[in-house]
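Below: the structure, in structure tokens.
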Amino acid sequence: MKKSFILLFALGIIVSGSISAQDIGVPLRFDRYYDYDQLVEAIKALHREYPNLTSLDLVGYSDEKRAIYALTISNPNTGDHLSKPGVYVDGNIHGNEVQAGEVCLYLANRLLTSYGENDQITSLVDKNSFYIIPAVNVDGRYHFFKDANTSSSSRSIRRPKDDDKDGLFDEDPYDDLDGDGNICDMRKRDPNGTHRTDPFDSRLMVRVKPGEKGEWILLGREGIDNDGDGRINEDNEGYVDPNRNWGYNWKPNYIQRGAGYYPLSGTGLKAIANYLLERPNVIMVWAFHNAGGMFLRGPSTKAEGEFPSGDLKVYDYLGENSEMITPGYRYLLVWKDLYSTYGDFTGFTTNIIGSYGFVGELFQSQSETYALNKELKKPGERNRESGPDDTNHQRLKFNDHVAQGELYKSWTPFHHPLYGEIEIGGWTKMSSRLPHPFMLQDLVHRNASSVIFSAAQTPEIKMELMEKKKIGKDLYQIRIRLLNDNAIPTLTYQSLKNKSHRKDILKVSGASVDVVAGGELKDAHMNQAVYKEHKPQIQFIHMPGFGKVEYQFLIAGKGTIAVDYSSLKAKNQQLVIEL
Amino acid sequence: MKRSFFLLRIFLSLSILVYPLVSQAQSAGYKSPDQVVSWIKQLESKYPGLVTSYNIATSPGERPVQIIRIGEKTKTAKEANPSVFVGANLEGDRPLTTEGAIFLAETILSESAYFDSLNWYILPLGNPDAAAGFFQNPLFEDTRNDLPTNDDKDDQTDEDGVNDLNGDGWITKMRVRHPDGEWVVSEEDPRLMQKADSKKGEQGIYKVYTEGTDEDNDGKYNEDGPGGTNVGINFPQLFKHYTASGGNFPGSAPESYAVMKFVFEHPDIAMIVSFGSTNWCFTPPVGGRKGEADLNKIKLSERQARQFNLDHTKIYTLKELVDIIKAENPQMNVDEAMIAGYLGLGAALNPQPGDLLFYEKYAKAYKSFLKEQGVISERIGPDPAKDGSFELWGYFQVGVPVFSMDLWGIEKDTAEADPKSSAESDKALLAYADSKPGNKGFVEWEPFDHPSLGAVEIGGFVPYLATTPPYEWTDSLLQLQVPWILKLAKEFPDLHIYEIKTTSNGNGVYQLDIWIENRAFIPFPTDMGSRNRQPAPAVLSLEGEQVEFISGYDRTPIGRVAGKSRVKTTLIIHMEKPGKITLKLSSKTAGHDLKTINIGG
């Protein structure tokens, strides 16, 4: 009895050991993917290793009650995290878009492990507060790895919805009939079928032309009719698209598929919204998705009209550099180059949080090439060949000879309860929308570099005394110049237009002074100032990117004055002047 | 004998001894937020098991937001009763509506007939922070909850609110002569102010402000008072971003978020009632909003036309498109909502024509109902629904019938007066104000030396005058109107198995033609519910031993039955031996039915 107890105990240790933190150490590895539990372990490991530069934030819980963690990276010696420009980075809002989590982990890993060794990284971390949420849709990520999926499924948040309007919820999902961990495609031999075998690769099929004899019919994704209603897989998990459930310009489901019943009905999303609202210093947002190779900016719908030109300049600067950092990826506009979306995260962060934002669509399947040097396309270029050199054929050969067959499941016979003798095969879950692990390192580094590039451009304000002129007894004219040598303003022009956020404050004070007049100096040489009507000692200003503003004050009195600059999204500054 | 609201008032005011002299008397009798909490507690202990309370949220001012449920819990989930959700005083500035909800609850509990086939969820006070303002001095009409909000985006938060400069206990208006003034004294009555009409050659004389000082010296008056968000306009239908009190985004206020969460977590809710600023019992909800796609004049883009083999130069109706596309794709579940969504036809902005039929029918019936009780319904208003309001959300996004009441209106000045004209409503309000003794309705314009504006005059209508009658009138007002809600609660869709026709085709094969009937006038679901595909279908299920389905399935969703109509479902089954089958119709909101029939034998 005692022996078996010890044996059971030992087994228990071995079993639990396999999901412990033992294989996850810092620096993290990026030749692998992290499932939900491993991802949490990785975040915790980074925090454990760098306790002084990080804080581990429990943002909230998902619909299935899994913890959502953020890692804050901020140097306490350069100020409280809220006092510095905030750069918020997240990934994996769609549960299947998993490599976004690795990009976030890599960014954190890079910032922390190179701190103190790499000057650029060190000054970047000292200057900003980074808020990193590697997995937004924790339930989606958990189920993507644990359950059988296509490369596109487990996208939704886990809120039950009656997609097929039969009164039941999520009752007919995909089924992993052959138990291989993938949801592939089903086909059946049929001489009257719509498809026939591709002449160049028997794994592929082509549509029959008029008059041709068929060989196959396509039966859709792996599954059975779970609810006996004559349809297969018509009511999968959800469907609430977590990137349509946000509060800006939200529209109900009949207009925007996947919107959910009301804004931020997703428990985890609501927690993240609150997390962001509590950090009004956030001025730059990156949200990573897959796939396609894009850096997307808003607006999200055509009806909103274009951003103010001041914002376009910022987006173009950051977007074009991101294109150069990741050859093949394109800098694009959401509604025009893709489609209008309502209630998305970008709309929320742009209009409610008041920040700049990019969506990074990671990975291009056309990078899985198999062509001679002289025929090889540029990175990101679409392969418009047809026949044996088209993308599908090349990708299959890539699968065979560069990935050793790991991306594609060959057609395998199976007996289906309804269809009889069929074959199951197709691209696997860990293919098509994400890179084979050997290409992951390149993807995560380049995309983290785009974030790093923009984080270097967050506003840094310098104040200097331009001129101090005595113009009467105890009456002085003071000119202050404020400079921002970085691309990102202290407030977006969209926020200015909407009057949605407080401007920066320039305050002049002194123990024995009275500010008689104050205003923006439009032209220093011509002495053209626009004086503020009330309370000249407090000015509300906006710092542009790559630019300056100048202010002029008429001050009566003597002694010392303090000029205080305070901003929601840039570090405060102070200038002390002796009159 | 005809009695008008006016005579009713005189009758009641004669029976009241004296109006109290202090202005706080306005609130005397009405229940404060704390008293509502106590009332709920008392109700729960008085009716254990029948009344349950839920604490659905805490307001920014730390007040509870509570819903009470009235209904027996004895039924199983499968046979549970449908429910009515009543939301009151979501804007927080209508104390009468909270009393209305309380009165409704007490009336329901007085008669088991009101709750044995129906559950009630009643939210007596949706915006407790704002409602607390009615019990404070000075009195100021404010719909905002206590969320600190930097309304003027300056360096301070909530630093410049209203002030009772003349110490009369009310926040009224200030008028001051100013070259930029846009207001003039009205020709109708020197107490009224109106905007100068430049078309008539009028020039403005006065600037008009709310009573108060410029506490932060920024040249603006009372522009950043305490709070907050108006919960009652924080809902997603026609929500407007960046308004003075609408909130950051729909559901940004914990109160409104909790209401939406509650309603969607209770799919047994078959009808929603709002006690607030509108009266959809009296007049149907208004339409006329521009920007809605005309579903009878649809033009497809070239790409869409190619997809469906249609003509992009032709104009189609939605019904035509559905019929054509359904014919080409028999295995797909094609309906109007699906095609409308796919084509990106956009939001419904106006009440659907089919739904206006029942709104108009019940409005007519309600006016007769009032007349029978001796009331001539000649009043100003009622107000149309505000953008982002609770009742708009209920109708357009929950997709169930929604009714509302404001429970009191000012009587029109003259019989011919246009109830929607603002000039008329000012006159009527003044007439009502004058009927109140001791200047308790209108504060006469009196000079005041304002610290920054100089010589001003303070005066104007007393707060809450237009919306809140003396408490002594509430009993008769509520007894008159609230019972109509109990009548409406019998009117929502009611589905039954009307008839089953069995035809034997020989060899144990039987064709069953089953008619489902909606006995109510209101369609199941509403037209809007069909459009937004939100309400759950009713399900017809067939149970029997050794039944094989030849055509059809053991569960058939019934998605739509028009008012006072029947739909037919046909099932073909094979039963070797004669036996019994049971047909069950179940719906969370439209009733249950069960019929057992003999097959064969």
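Lettering follows sequence order; numbering is per chain, from 1.
- Heavy atoms closer than 4.5 Å to chain B are found nowhere in A:Y342, neither backbone nor side chain.
- For a residue to count as touching a neighbouring chain, one of its non-hydrogen atoms must lie under 4.5 Å from one of that chain's; by this rule B:F249 touches chain A with backbone and side chain alike.
- With sequence neighbours excluded, the residues that form a side chain to side chain donor-acceptor pair (under 3.5 Å) with A:T490 are A:D504.
- Atoms CG and CG, from A:D564 and B:D155 in turn, are 12.0 Å apart once rounded to the nearest 0.5 Å.
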List the steps and the verdict of side-chain contact (heavy atoms from CB on, under 4.5 Å) for A:F540 and B:K153. CA-CA 9 Å; A:F540 297 103; B:K153 302 280 181 288; over 6 Å; no
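- In this structure, chain A has heavy atoms under 4.5 Å from both the backbone and the side chain of B:N532.
- For the pair A:D162 and B:P537, the tightest heavy-atom approach, listed with the atom from each and the gap, is OD2-CD, 4.2 Å.
- Here A:L264 is the residue among A:L264, A:D227, A:N274 with the most heavy-atom pairs under 4.5 Å with chain B.
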- Task: Go through the steps to decide whether B:Y242 and A:N498 satisfy the test side-chain hydrogen bond (donor to acceptor under 3.5 Å, both in side chains), and finish with yes or no.
- Result: CA-CA 7 Å; B:Y242 313 125; A:N498 291 330; 3.0 Å; yes
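- B:M528 and A:Y254 make their closest contact through CE-OH, 3.5 Å (heavy atoms, listed as atom of the first residue, atom of the second, distance).
- The two residues B:D216 and A:K535 have their closest heavy-atom pair at O-NZ, 2.5 Å.
- Between B:H241 and A:Y248, the ring planes are tilted. Angles from 30° to 60° get that label.
- Ring centers of A:Y262 and B:F235: at least 6.0 Å apart, outside the cut-off.
- B:P236 places none of its side-chain heavy atoms less than 4.5 Å from the side chain of A:P252.
- Per-residue counts of heavy-atom pairs under 4.5 Å with chain A were compared for B:N217, B:D554, B:N248, B:L345; the largest is that of B:N217.
- Looking only at distances, a side-chain donor or acceptor of A:K165 sits under 3.5 Å from a matching main-chain atom of B:R533.
- Minimum heavy-atom separation, A:Y261 to B:Q534: CE2-NE2, 3.2 Å.
- Ranked by heavy-atom pairs shorter than 4.5 Å toward chain B, the options A:N253, A:D229, A:N249, A:I352 are led by A:D229.
- For B:A348, the parts lying under 4.5 angstrom from a heavy atom of chain A are both the backbone and the side chain.
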